[in-house]
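Comments concern the structure below.
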Amino acid sequence: MEATVKKNSAESLQQQQIEVRQLVMDGLKQAKEGKTKDFNAVCDRLEKKYNDAEV
């Protein structure tokens, strides 16, 4: 039972990492296309948000 919980947790974490990477790549694409107002402000906001997030 404990092994199953750890496996599910690891799979969930891996899926979340994939989603975050995709969001970052989408954000970079938007920045390159000029669709963001201030790239540094966006990065600062994301850094603040995720520095305080529970892992």
Side-chain angles (χ1 to χ4, degrees):
M1 170 101 174
E2 186 175 328
T4 303
V5 171
K6 286 183 181 181
K7 181 180 178 184
N8 289 342
S9 177
E11 289 173 356
S12 177
L13 178 61
Q14 184 178 17
Q15 183 61 34
Q16 289 174 350
Q17 290 173 335
I18 291 169
E19 291 172 7
V20 168
R21 286 185 192 116
Q22 187 59 50
L23 290 170
V24 169
M25 295 306 295
D26 291 346
L28 289 173
K29 180 181 176 187
Q30 289 177 354
K32 288 178 182 177
E33 294 172 350
K35 293 183 178 179
T36 59
K37 293 182 180 183
D38 183 357
F39 184 68
N40 289 328
V42 172
C43 290
D44 289 344
R45 181 181 55 81
L46 290 172
E47 183 178 9
K48 181 181 179 190
K49 178 180 180 179
Y50 289 107
N51 273 341
D52 297 333
E54 286 187 32
V55 178

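The first residue of the sequence shown is numbered 1, and numbering continues consecutively from there.
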Side-chain donor-acceptor pairs of residues 15-27 under 3.5 Å, sequence neighbours excluded:
{"residue": "Gln15", "atom": "NE2", "partner": "Glu19", "partner atom": "OE2", "Å": "3.4"}
{"residue": "Gln22", "atom": "NE2", "partner": "Asp26", "partner atom": "OD1", "Å": "2.8"}

All N/O donor-acceptor pairs, side-chain side in residues 38-45, below 3.5 Å, sequence neighbours left out:
{"residue": "Asp38", "atom": "OD1", "partner": "Asn40", "partner atom": "N", "Å": "3.2"}

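Rounding to the nearest 0.5 Å places CG of Asn51 at 10.5 Å from CG of Leu46.
Under the rule for a salt bridge (charged side-chain N to carboxylate O under 4.0 Å, His left out), the partners of Lys35 that lie at least two apart in sequence or sit in another chain are Glu33.
Shown here is Gln14, whose CD atom has no more than 12 heavy atoms of other residues, nucleotides or ligands within 6.0 Å.
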